[in-house]
Amino acid sequence: SKYYEIMNVALMYFENNLKSQAGDNAIKYLEQRKLNKDIIKEFKKNGIDIYRLDKVTNSYSSNVYIAYSKKEKYVFKILYNEEKQKCEARYIKYISDKITPKLVFSGSINDKLYNAITFIEGKSYLDGDIELLSDEQIYKIGILLGKLHNIKPLDEDDESWINYLYKYAKKSSRNLENVLDDNKIIYDSIINSIESIKGTYENVILHLDFRVGNIIFGDKEYLIDFESMRSGDPAFDFLKMRRILSKEKFDIFLEGYKTVKNIDVSIIERINFYNIFDAYTSVNWCYERNKLDSDFCKKSIKILKKEFK
């Protein structure tokens, strides 16, 4: 009957689909198994015997593994972008032993660039866990940022930061023309603010993603994730902590910072500007990755709507 014919066709479809999925999974398994062996070989070439390898995370910029030897643990980070890999290796080497893990070795594997870094034992928190942090921990996070900003910058001059701001503002403006109703108003405001901050700040090393999720609380506080670091206005690194801390807690954070480094009088005004700049370029980041419906994008748009009522 037609009923059984339809059922047979449906069963054949599901059977073929399952076989296809099983085949895809098998391929992925074999590819991952080969990659694991290649990673272990990279350690072996550098005189380190690894007996265990755990995959930790996938992100838009990297794959991260924890590698175990008999004596130590290591972070093996495969980065998708050559510029980010070189940036991270460069800054870890420069800052190492002060507030960061150490770079053990770096290179490429199957045309993928990587950094192998010492593993820091300690406690980490998500940004949403900010309420779990004590006042002392928040104070020490301020000290940590002060220590970073107190390190002599590398070779970028003051203008490189201004050029960076212009570059990403213009790029975002082009892409968001049909995304944000107030795109031109926001863009013009950002350009005017960039003009006004020229020469108003001390050039320092920036993390560019300074937040609770990138800090390890061990025998002391350590920074992780250095792939976006550069020189620029210190105010930018205050931004993400200010977003998640109450005014009282943010003042504690500032007090910790000031034990290491002075804060200039216009820093709050510039943090307010970077709140807009970061939200604007974050919407563009989502646009480029087809993530305009994500919670992250919606939060960024909400910030812009609040500032441009």
Side-chain angles (χ1 to χ4, degrees), residues 39 43 48 50 53-69 72-107 112-130 132-133 137-151 153-154 204-232 234 236-241 243-245 253 256-257 260 278 296:
I39 291 171
F43 276 97
I48 301 170
I50 297 299
L53 191 67
D54 292 341
K55 192 172 184 179
V56 182
T57 61
N58 281 338
S59 72
Y60 285 104
S61 61
S62 64
N63 287 343
V64 180
Y65 299 79
I66 304 299
Y68 298 76
S69 73
E72 294 186 59
K73 289 194 285 187
Y74 304 89
V75 175
F76 192 90
K77 190 172 180 181
I78 299 174
L79 295 105
Y80 308 143
N81 181 294
E82 181 179 1
E83 183 180 342
K84 287 183 177 292
Q85 183 265 341
K86 288 183 176 179
C87 176
E88 180 165 75
R90 183 177 184 228
Y91 273 98
I92 295 178
K93 284 180 184 177
Y94 183 66
I95 301 172
S96 188
D97 281 341
K98 298 181 176 72
I99 53 175
T100 71
K102 296 178 184 177
L103 182 70
V104 184
F105 57 91
S106 59
K112 298 173 183 176
L113 297 162
Y114 69 78
N115 292 320
I117 306 163
T118 54
F119 181 89
I120 301 296
E121 296 285 355
K123 173 78 173 172
S124 60
Y125 296 88
L126 298 173
D127 292 348
D129 295 333
I130 191 67
L132 300 177
L133 270 63
Q137 286 174 307
I138 292 170
Y139 185 83
K140 286 181 176 179
I141 293 173
I143 293 174
L144 180 65
L145 184 58
K147 287 179 178 178
L148 174 65
H149 289 174
N150 232 8
I151 299 169
L154 283 167
V204 302
I205 292 179
L206 296 179
H207 186 275
L208 274 194
D209 194 21
F210 189 89
R211 56 187 178 85
V212 174
N214 281 331
I215 297 168
I216 302 293
F217 294 86
D219 57 330
K220 60 180 180 179
E221 290 67 44
Y222 293 90
L223 265 176
I224 59 171
D225 284 351
F226 318 97
E227 59 204 49
S228 299
M229 292 181 82
R230 57 169 300 118
S231 295
F236 190 91
D237 273 348
F238 287 84
L239 172 61
K240 293 182 179 180
M241 293 301 297
R243 281 179 178 170
I244 62 174
L245 291 172
F253 171 76
Y257 183 93
V260 182
D278 181 71
F296 174 63

(Q) Which heavy atom of Ala116 sits nearest to which heavy atom of Phe76, and what is that distance? (A) CB-CD1, 4.2 Å

Q) Under the 3.5 angstrom rule, does the side chain of Asp127 hit a backbone N or O of Gly213 as a donor-acceptor pair? A) yes

Q: For residues Leu245 and Ile138, determine if any side-chain heavy atom of one lies less than 4.5 Å from a side-chain heavy atom of the other.
A: yes

**Q.** From Ile48 atom CD1 to Glu72 atom CD, the distance as rounded to the nearest 0.5 Å
**A.** 7.5 Å

Q. OH of Tyr114 to CG of Leu79: how many Å apart, nearest 0.5 Å?
A. 12.0 Å

Q) Do Lys147 and Glu221 sit within salt-bridge range, that is, some charged N less than 4.0 Å from a carboxylate O? A) no

(Q) Show the nearest heavy-atom pair for residues Gln85 and Ser106, with the distance to one decimal. (A) NE2-CB, 3.7 Å

Q.
Could you check whether His149 and Asp237, counting side-chain N and O atoms only, form a donor-acceptor pair closer than 3.5 Å?
A. yes

Q.
What verdict does the side chain to side chain contact (heavy atoms under 4.5 Å, CB included) test give for Val75 and Val56, after you've listed the backbone C-alpha separation in whole Å, the side-chain angles of each residue and the deciding distance to 0.1 Å?
A. CA-CA 9 Å; Val75 175; Val56 182; over 6 Å; no

Q) Checking Thr118 side chain against Lys102 main chain: does a donor-acceptor pair fall under 3.5 Å? A) yes

Q: Among Glu82, Glu83, Glu88, find the residue that satisfies the salt bridge (Lys or Arg N to Asp or Glu O under 4.0 Å) test when tested with Lys86.
A: Glu82

**Q.** Residue list, side-chain contact (heavy atoms from CB on, under 4.5 Å) with Ile120, at least two apart or on another chain
**A.** Pro101, Ile216, Tyr222

(Q) Can you tell me how far apart NZ (Lys77) and CD1 (Ile117) are? Round to the nearest 0.5 Å. (A) 6.0 Å

Q) About how many Å separate NZ of Lys220 and CG of Leu144, when rounded to the nearest 0.5 Å? A) 9.5 Å

Q: Considering non-hydrogen atoms only, spot the tightest contact between Arg211 and Met241 and give its length.
A: CA-SD, 4.1 Å

Q. Parallel, tilted or perpendicular: which describes the rings of Phe43 and Tyr74, with under 30° parallel and over 60° perpendicular?
A. tilted

Q: Indicate the atoms forming the closest heavy-atom contact of Pro153 with Val204, along with that distance.
A: CG-CA, 3.9 Å

Q. With sequence neighbours left out, what residues match Lys84 under salt bridge (charged side-chain N to carboxylate O under 4.0 Å, His left out)?
A. none

Q | Minimal non-hydrogen separation, Ser228 against Leu208, with atom names | A | O-CD1, 3.0 Å

**Q.** Salt bridge present between Asp278 and Arg243 (N-O < 4.0 angstrom)
**A.** yes

**Q.** Validation row: Arg90, Met229 side chains within 4.5 angstrom (heavy atoms)
**A.** no

Q | Gap separating the CD1 atom of Ile39 from the CD1 atom of Ile50, nearest 0.5 angstrom | A | 10.0 Å

Q. Could you walk me through whether Phe217 and Tyr125 pass the ring pair (Phe, Tyr, Trp, His ring centres under 6.0 Å) check?
A. CA-CA 9 Å; Phe217 294 86; Tyr125 296 88; 5.6 Å; yes

**Q.** Heavy-atom side-chain contact between Asp129 and Val212 under 4.5 Å
**A.** no

Q: If the plane angle is over 60° it's perpendicular, under 30° parallel, otherwise tilted; pick one for Phe210 and Phe253.
A: tilted

Q) About how many Å separate CD1 of Ile130 and CD1 of Ile141, when rounded to the nearest 0.5 Å? A) 5.5 Å

Q: May I have the step-by-step check of side chain to side chain contact (heavy atoms under 4.5 Å, CB included) for Tyr94 and Ile205, ending in yes or no?
A: CA-CA 11 Å; Tyr94 183 66; Ile205 292 179; 3.7 Å; yes

Q: Provide the closest heavy-atom pair for Leu53 versus Ala67 in the form atom of the first, atom of the second, distance.
A: CD1-CB, 3.7 Å

